[in-house]
Novice: 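I am attaching a structure below and will ask some questions about it afterwards.
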Amino acid sequence: MWPTFSLNRPMIWMAVSAFSASIWLPGIPLRLAAAVLVALGLLDAWRQVRLAHQRSRLGEEALALSDEGVVITDAANRILAVNPAFTRITGYTLEEVRGRMASSLSAPRHDKAFYEHYWQVLRSTGRWEGEIWSRRKQGDEYPEWLRARGVADEAGRITHHVCLFTDISVHKARERDLQRIGFEDPLTGLPNRRRLGDLLASRLRHLRSGESLDMALIDIDGFKEINDGIGVELGDRLLARFGERLARHAAGGVVGRLGGDEFMVMRTTTHDDHDRWIKGLQEHLGQPFEIDTHSLRLGLTIGSCRCPEDGRESGELFQRLESALFSAKRNGCNHSQRFRPALDVQGSPQLGLLNDLRQALAVGGQLELHYQPQYRLGDDRLVGLEALLRWRHPRDGMVSPGDFIPLAERHGLMSTLGDWVIDQALAQLAHWQRKGLPEATVWINISAMQLFQGDLETVLASGLARHRVPARLLGLELTESVLLDERAGDVAPRLERLRDRGHRVAIDDFGTGYSSLGYLKHLPLDKLKLDRAFIRALPDDRADAAIVCAVLAMAEGLGLEVVAEGVETEAQRDFLLAHGCAEVQGFLYARPQPAEKLEAEWRGRASAGPPLEGRRVAEATA
């Protein structure tokens with residue numbers, strides 16, 4: 001900081017000495033010389049005073065520009081000065097608070113022990129920092145982040161206190177919103193699956209002797225058809241009304257929405273009337289719902305269980321609820337089923353598969369990635385690889401992704417699966433780099449669950465750093481449904497940040513969604529993957545040919561690359577090449593295969609001639 005004003009300057013003392021000597025100095029020349037020294041000393045003193053004023057003014061300007069409130073108090077904690085931010089935050093002017101105790105502005109939320117600790121820390125260390133509640137001039141209370149520091153003189157005595165504070169009410173509100181989003185279903189306001197797990201665990205801990213916990217998992221029959229018939233907006237209103245009615249009927253219990261059209265309800269009771277309780281739920285919820293001009297009676301499929309008879313652990317009870325619901329669905333719609341030991345995991349193939357998938361994730365060794373190459377049509381050179389998740393079941397062999405991916409999405413395993421795919425793909429890229437094999441972008445599929453359940457950006461960043469792989473070698477593929485899924489929020493800023501880090505972004509299965517093409521110009525994209533459904537009948541099907549040509553022209557106008565999936569014939573390849581499609585993948589070139597087999601083929605071709613030409617690869621492997 002700037003030095004303080006000081007008289008310890010040679011010019012000033014020379015001026016004082018010259019002034020004293022001028023009285024007895026003989027001769028005018030000597031007296032004139034003394035007068036010059038006095039004038040120089042006065043000029044130096046005036047310069048110091050002016051600089052001190054300038055520095056003081058600059059300090060005041062800096063405080064005025066600060067967004068943090070500043071309070072300066074004396075040793076007794078009486079307010080001496082404040083800055084404009086203080087007035088802006090609290091509503092008090094300097095004239096209104098000068099001389100008041102700073103503690104008079106605090107909200108009565110902290111006890112005596114809090115302030116005793118505050119002063120003890122401030123006196124012993126000279127500073128204190130933390131959250132504290134204050135009160136504005138209007139009377140409303142707000143949280144602030146306060147930093148206080150004691151200012152001591154040369155003897156070490158505290159003469160002043162300087163306090164800087166920031167209004168953190170907006171941050172606290174944002175934290176509450178994030179917490180609410182994490183534990184609350186946004187459509188109905190009911191607890192979500194995560195919150196229901198916590199509430200169930202709490203109820204189990206506080207279950208007394210002689211009490212039981214009744215639980216029911218409720219699924220609305222044919223809700224997709226209802227949604228298609230009345231529209232998505234009215235369908236959402238129906239779900240909200242359903243949740244309200246269920247919550248009113250189960251007053252004193254816990255009601256939540258697990259997702260989609262599934263609701264859960266639990267109650268603590270001392271009565272042995274489980275079946276009558278389930279019947280009451282069916283009758284009450286079976287009454288008509290009036291939605292605009294529609295009067296709807298809903299069919300309900302219910303799976304139920306009871307603690308402690310059917311289990312004592314939350315995870316076990318959740319699993320048995322799902323087992324009972326699946327069993328009820330097999331018996332037809334509008335049916336209820338209470339769990340019984342015969343409904344074990346082996347009794348439900350879907351639950352058995354779910355249990356095996358959880359085991360595969362926990363133990364490892366069953367999941368693997370296969371890679372399907374992508375080739376550039378102009379010269380048949382390798383430009384990328386799509387990583388496809390495969391599950392080699394120890395008993396059932398290869399399990400179709402169409403069987404286990406929906407199951408993972410339904411039961412909250414998709415984020416874990418996605419993280420595994422990211423780590424495995426990066427590990428494979430790092431291995432190929434070390435071996436000096438051809439460099440090509442590996443494309444992985446990103447699900448909506450990874451965007452709104454997991455921390456995708458952190459997983460990607462940590463994986464890239466751990467395996468020392470550049471971000472440009474890992475591309476991200478998202479379907480249209482993922483980009484427009486409300487649960488994932490506005491994905492455009494997140495995709496933009498990922499692109500800034502070096503990742504390329506593509507839309508997978510383009511053209512199969514129900515969205516408008518207008519969103520393409522607002523999303524940070526690099527590539528479109530044209531779905532195989534439009535390639536299958538080329539070049540004979542005029543409708544598919546027109547769609548493909550339109551997509552290629554649109555992509556060219558938007559500056560996007562296009563890769564066509566499912567190319568299986570030379571006629572399809574020739575049509576795409578003639579109409580400007582840059583890249584292709586499909587059985588004509590190569591099938592998805594394990595990394596070891598792909599690597600062995602690369603090594604074999606490296607010594608045979610020009611590397612990685614797609615048509616010759618397909619001919620060699622046919």
Side-chain angles (χ1 to χ4, degrees), residues 184-193 216-250 255-265 278-304 321-322 324-337 350 402-403 405-407 409-411 414 447-449 452 479-489 509-519 531 533-534 543 547:
E184 183 180 292
D185 174 58
L187 178 62
T188 63
L190 298 173
N192 61 12
R193 178 184 286 270
L217 194 58
I218 304 170
D219 183 87
I220 301 175
D221 297 332
F223 184 75
K224 183 180 184 302
E225 289 73 18
I226 296 173
N227 223 18
D228 292 341
I230 65 176
V232 175
E233 183 179 351
L234 293 183
D236 287 346
R237 286 172 57 186
L238 176 60
L239 289 174
R241 294 270 189 88
F242 185 89
E244 291 173 3
R245 182 182 292 185
L246 180 58
R248 286 196 302 268
H249 181 71
V255 174
R257 181 183 178 217
L258 275 69
D261 57 353
E262 277 192 8
F263 291 80
M264 179 178 165
V265 58
I278 295 296
K279 187 176 180 180
L281 285 174
Q282 286 179 309
E283 291 176 352
H284 186 74
L285 297 173
Q287 297 299 313
F289 286 85
E290 304 296 333
I291 305 293
D292 278 2
T293 59
H294 305 277
S295 181
L296 301 172
R297 287 183 180 271
L298 303 179
L300 305 174
T301 301
I302 302 177
S304 66
L321 264 180
E322 292 173 341
L325 180 63
F326 285 127
S327 176
K329 287 182 176 180
R330 287 200 304 270
N331 292 329
C333 295
N334 204 27
H335 184 76
S336 65
Q337 174 71 61
Q350 196 172 26
D403 291 334
I405 293 296
L407 200 62
E409 290 179 340
R410 180 182 178 86
H411 294 277
M414 204 59 225
S447 72
M449 299 295 180
F452 81 91
T479 62
E480 292 178 76
S481 58
V482 171
L483 295 173
L484 300 174
D485 196 317
E486 294 181 353
R487 298 172 299 177
D509 300 333
F510 181 75
T512 60
Y514 302 96
S515 58
S516 167
L517 298 178
Y519 70 90
D531 189 75
F534 303 110
I547 291 173

Novice: Ignoring hydrogens and geometry, is there a side-chain-to-backbone donor-acceptor pair from Asn192 to Asp185 under 3.5 Å?
Specialist: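 Absent.
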Novice: So, Glu283 and Arg245, do they make that salt bridge, N to O below 4.0 Å?
Specialist: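 No, Glu283 and Arg245 are not salt-bridged.
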Novice: Under a 4.5 Å cut-off applied to non-hydrogen side-chain atoms, are Phe263 and Leu300 in contact?
Specialist: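 The answer is no, as the side chains (C-beta and beyond) never meet within the 4.5 Å cut-off.
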Novice: Quick one: CD1 on Ile218 to CE on Met264, what's the gap to the nearest 0.5 Å?
Specialist: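 Reported to 0.5 Å precision, the distance equals 10.5 Å.
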Novice: Quick one: closest heavy-atom pair of Ile230 and Gly235, and the distance?
Specialist: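 In this case the closest contact between Ile230 and Gly235 is CD1-N, 3.8 Å.
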Novice: Leu285 and side chain to side chain contact (heavy atoms under 4.5 Å, CB included): which partner among Leu246, Val265, Leu298, Ile302?
Specialist: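 For Leu285, the side chain to side chain contact (heavy atoms under 4.5 Å, CB included) check succeeds only for Leu246.
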Novice: Roughly how far, to the nearest 0.5 Å, is CG of Asp236 from CG of Asn227?
Specialist: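 Nearest 0.5 Å value for the CG-CG distance: 6.5 Å.
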Novice: Does the side chain of Asp219 pick up a donor-acceptor pair with the side chain of Thr301 at under 3.5 Å?
Specialist: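 Result is no, nothing qualifies.
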Novice: Side-chain contact, heavy-atom cut-off 4.5 Å: Phe242 with Thr188?
Specialist: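 They are not in contact (no side-chain heavy atoms under 4.5 Å apart), so the answer is no.
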Novice: Can you give me the closest heavy-atom contact between Leu281 and Ala216, atom names plus distance?
Specialist: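 Answer, listing the atom of Leu281 first, then Ala216: CD1-CB, 4.2 Å.
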Novice: For residues Gly303 and Leu321, report the shortest heavy-atom separation together with the two atoms involved.
Specialist: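 Minimum heavy-atom contact is O-CD2, 3.3 Å.
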Novice: Aromatic rings His249 and His284: how do their planes relate, parallel, tilted or perpendicular, breaks at 30° and 60°?
Specialist: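 Rings of His249 and His284: parallel, as their planes differ by under 30°.
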Novice: What's the spacing between Leu239 CG and Phe289 CZ if we round to 0.5 Å?
Specialist: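 Reported to 0.5 Å precision, the distance equals 9.5 Å.
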Novice: Begin with the C-alpha distance, continue with both residues' side-chain angles, and end with the deciding distance and a verdict on side-chain contact (heavy atoms from CB on, under 4.5 Å) for Leu234 and Ile226.
Specialist: CA-CA 9 Å; Leu234 293 183; Ile226 296 173; over 6 Å; no
Novice: If you round to the nearest 0.5 Å, how far is OG of Ser295 from CD of Gln287?
Specialist: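 Gln287 CD to Ser295 OG: 10.0 Å, rounded to 0.5 Å.
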Novice: Rounded at 0.5 Å granularity, tell me how far CG in Asn334 sits from CG in Asp221.
Specialist: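 If I round to the nearest 0.5 Å, the distance is 6.0 Å.
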Novice: Using modelled atom types and a 3.5 Å cut-off, is there a donor and acceptor pairing between side-chain atoms of Arg241 and backbone atoms of Glu244?
Specialist: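 No; judged by distance alone, with no hydrogens or angles, the pair does not exist.
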Novice: How long is the gap from CG on Leu190 to CZ on Arg257, to the nearest 0.5 Å?
Specialist: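 Atom-to-atom, Leu190:CG and Arg257:CZ are 9.0 Å apart.
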Novice: Taking only Lys NZ, Arg NE, NH1 and NH2, and the carboxylate oxygens of Asp or Glu, determine whether Arg237 and Asp292 approach each other closer than 4.0 Å.
Specialist: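 Salt bridge between Arg237 and Asp292, a charged N being under 4.0 Å from a carboxylate O: yes.
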Novice: Looking only at heavy atoms, which two atoms of Gln337 and Ala328 are closest? And how far apart?
Specialist: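 Of all heavy-atom pairs spanning Gln337 and Ala328, the closest is CB-CB, 3.6 Å.
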Novice: Are any of the side-chain heavy atoms of Leu238 and His294 separated by less than 4.5 Å?
Specialist: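 Side chain of Leu238 against side chain of His294, heavy atoms only: no contact under 4.5 Å found.
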Novice: How close do Ser304 and Ile278 get, heavy atom to heavy atom, and via which atoms?
Specialist: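 Taking every non-hydrogen atom into account, CB-CD1, 3.7 Å.
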Novice: Looking only at heavy atoms, which two atoms of Glu184 and Gly189 are closest? And how far apart?
Specialist: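 Minimum heavy-atom contact is CG-O, 3.4 Å.
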